[in-house]
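Have a look at the structure below, then the notes.
Lettering of chains follows the sequences in order, A, B, ..., and the numbering in each one begins at 1. Note that the coordinates shown come from a computational prediction; the quantities given were computed from them, not determined experimentally.
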Amino acid sequence: MTVLAEKTYTLLAKVPRGRVTTYKELAMALGTRGYRAIGQIVRNNPYAPRVPCHRVVASDGTIGGFMGHSRGEAIQKKIAMLASEGVHVTGKRINEFPKKLFHFT
DNA sequence: GGAAATATATGAT
DNA sequence: ATCATATATTTCC
């Protein structure tokens, strides 16, 4: 486990319910450019479900990935979970993404 | 120890 | 919109 992972989980846990964050925001807050690394870390998610990995989305408002695959039916499940928390998703993008997006800086 | 793969982002074409 | 490059971690050899 790397220091980057610790900080990633810490920040992710700080995201309130009904809000989402992006890999980019996380990477920026952590001071790294390894966006993909964040994806790997979140995918590992040894702290689940204490760490809401489903609250992490791509910077363009798309869901990104979930459960081992990047784009597939698993996304539907993630969408349902987000909708359950108040973040509704229409089609392939989050509804009012910038408003629901939680930024650290 | 080194190479390939990944739940991304950005820039160029 | 599509293709190629950059970046950090993990997994497999």
Side-chain angles (χ1 to χ4, degrees):
Chain A
M1 206 50 78
T2 68
V3 291
L4 187 64
E6 299 177 41
K7 298 208 143 222
T8 302
Y9 296 126
T10 303
L11 286 176
L12 188 52
K14 276 196 239 154
V15 177
R17 173 182 162 281
R19 216 69 72 87
V20 292
T21 187
T22 72
Y23 300 97
K24 182 187 169 190
E25 288 290 314
L26 282 167
M28 256 198 289
L30 296 173
T32 184
R33 275 83 74 197
Y35 313 106
R36 298 197 90 166
I38 304 293
Q40 293 301 334
I41 291 165
V42 173
R43 182 188 152 169
N44 277 337
N45 200 6
Y47 285 68
R50 296 202 269 252
V51 171
C53 52
H54 62 271
R55 258 180 228 159
V56 187
V57 297
S59 68
D60 47 339
T62 52
I63 297 303
F66 198 60
M67 285 177 144
H69 287 288
S70 340
R71 267 80 101 154
E73 304 173 16
I75 303 302
Q76 307 290 330
K77 200 144 201 148
K78 184 165 176 177
I79 290 171
M81 257 197 284
L82 287 171
S84 204
E85 297 194 344
V87 181
H88 294 264
V89 178
T90 51
K92 288 220 145 58
R93 285 223 190 155
I94 292 177
N95 196 12
E96 301 188 78
F97 172 56
K99 210 189 274 207
K100 299 279 170 21
L101 178 61
F102 176 87
H103 35 140
F104 308 93
T105 55

Can I get a per-line list of side-chain donor-acceptor pairs under 3.5 Å for residues 94-105 of chain A, giving both atom names and the distance, sequence neighbours left out?
residue: Glu96(A); atom: OE1; partner: Lys99(A); partner atom: NZ; Å: 3.3

message: Looking at dT7(C), I'd like to know if its phosphate oxygens (OP1 or OP2) sit under 4.0 Å from a side-chain N or O belonging to Arg33(A).
response: no
Nucleotide dT8(B), atom P - distance to CG of Leu4(A) in whole Å: 16 Å
- prompt: Rounded to the nearest Å, what distance is computed from the CD1 atom of residue Ile63(A) to the C1' atom of nucleotide dA7(B)?
  reply: 11 Å
- request: Under 4.0 Å from any atom of DNA chain C, heavy atoms only: list the residues of residues 80-101 of chain A that qualify, in numerical order.
  value: none
query: Is the base of dT8(B) touched by the side chain of Arg36(A) through a donor-acceptor pair closer than 3.5 angstrom?
result: yes
Closest non-hydrogen atom pair between Cys53(A) and Lys78(A), with its separation: O-NZ, 3.9 Å
task: Output every pair passing salt bridge (Lys or Arg N to Asp or Glu O under 4.0 Å) with a member in residues 6-19 of chain A, not counting sequence neighbours, ordered by first then second residue.
output: none
- prompt: What integer distance in Å separates Asp60(A):CG from dT2(C):P?
  reply: 13 Å
query: By a strict heavy-atom criterion of less than 4.0 Å, which residues belonging to residues 9-24 of chain A are in contact with DNA chain B?
result: Tyr23(A), Lys24(A)
- prompt: Which pairs, with at least one residue in residues 21-65 of chain A and sequence neighbours excluded, count as a ring-ring contact (aromatic ring centres under 6.0 Å, His included)?
  reply: Tyr9(A)-Tyr47(A)
- prompt: Any chain of hydrophobic side-chain contacts (each under 4.5 Å) joining Val20(A) to Val15(A)?
  reply: no
query: Please give, in whole Å, the distance from dA9(B) P to Leu26(A) CG?
result: 10 Å
query: So do the side chains of Leu26(A) and Ile41(A) get within less than 4.5 Å of each other, counting heavy atoms only?
result: no
task: Measure from NZ on Lys77(A) to P on dA7(B) and round the result to the nearest Å.
output: 19 Å
Bracket string, DNA chain B, 5' to 3' - pairs by Watson-Crick or G-U geometry under 3.5 Å, | interstrand: ||||||.||||||
query: Which heavy-atom pair separates Ala37(A) from Leu4(A) by the least distance, and what is that distance?
result: CB-CD2, 4.3 Å
Nearest-angstrom distance from the residue atom CE of Met67(A) to C1' of dT6(B): 18 Å
- prompt: Does the side chain of Met28(A) reach to within under 4.5 Å of the side chain of Lys24(A), using non-hydrogen atoms?
  reply: yes
- prompt: What is the distance, rounded to the nearest whole Å, between atom OH of Tyr35(A) and atom C1' of dA7(B)?
  reply: 16 Å
- prompt: Reckon Ile38(A) touches a base, only the sugar-phosphate, or nothing at all at heavy-atom distances under 4.0 Å?
  reply: nothing
Pair of N/O donor and acceptor under 3.5 Å linking dT10(C) base with Gln40(A) side chain: no
query: To the nearest Å, how far apart are Phe66(A) CZ and dT6(B) P?
result: 18 Å
Side-chain heavy atoms of Met1(A) within contact of Pro46(A), under 4.5 Å: yes
- prompt: Counting side-chain heavy atoms from C-beta on, which of dT9(C), dA7(B), dA9(B) comes nearest to Ser59(A)?
  reply: dA9(B)
- request: Of all the heavy-atom pairs spanning Leu11(A) and Ala29(A), show the shortest one and how long it is.
  value: CD1-CB, 3.6 Å
query: Taking Leu12(A) as the fixed residue, which of Asn45(A), Ile38(A), Val51(A) is the one that meets the side chain to side chain contact (heavy atoms under 4.5 Å, CB included) rule?
result: Val51(A)
- request: Show the numbers, then the answer: is there a side-chain contact (heavy atoms from CB on, under 4.5 Å) between Val57(A) and Val87(A)?
  value: CA-CA 11 Å; Val57(A) 297; Val87(A) 181; over 6 Å; no
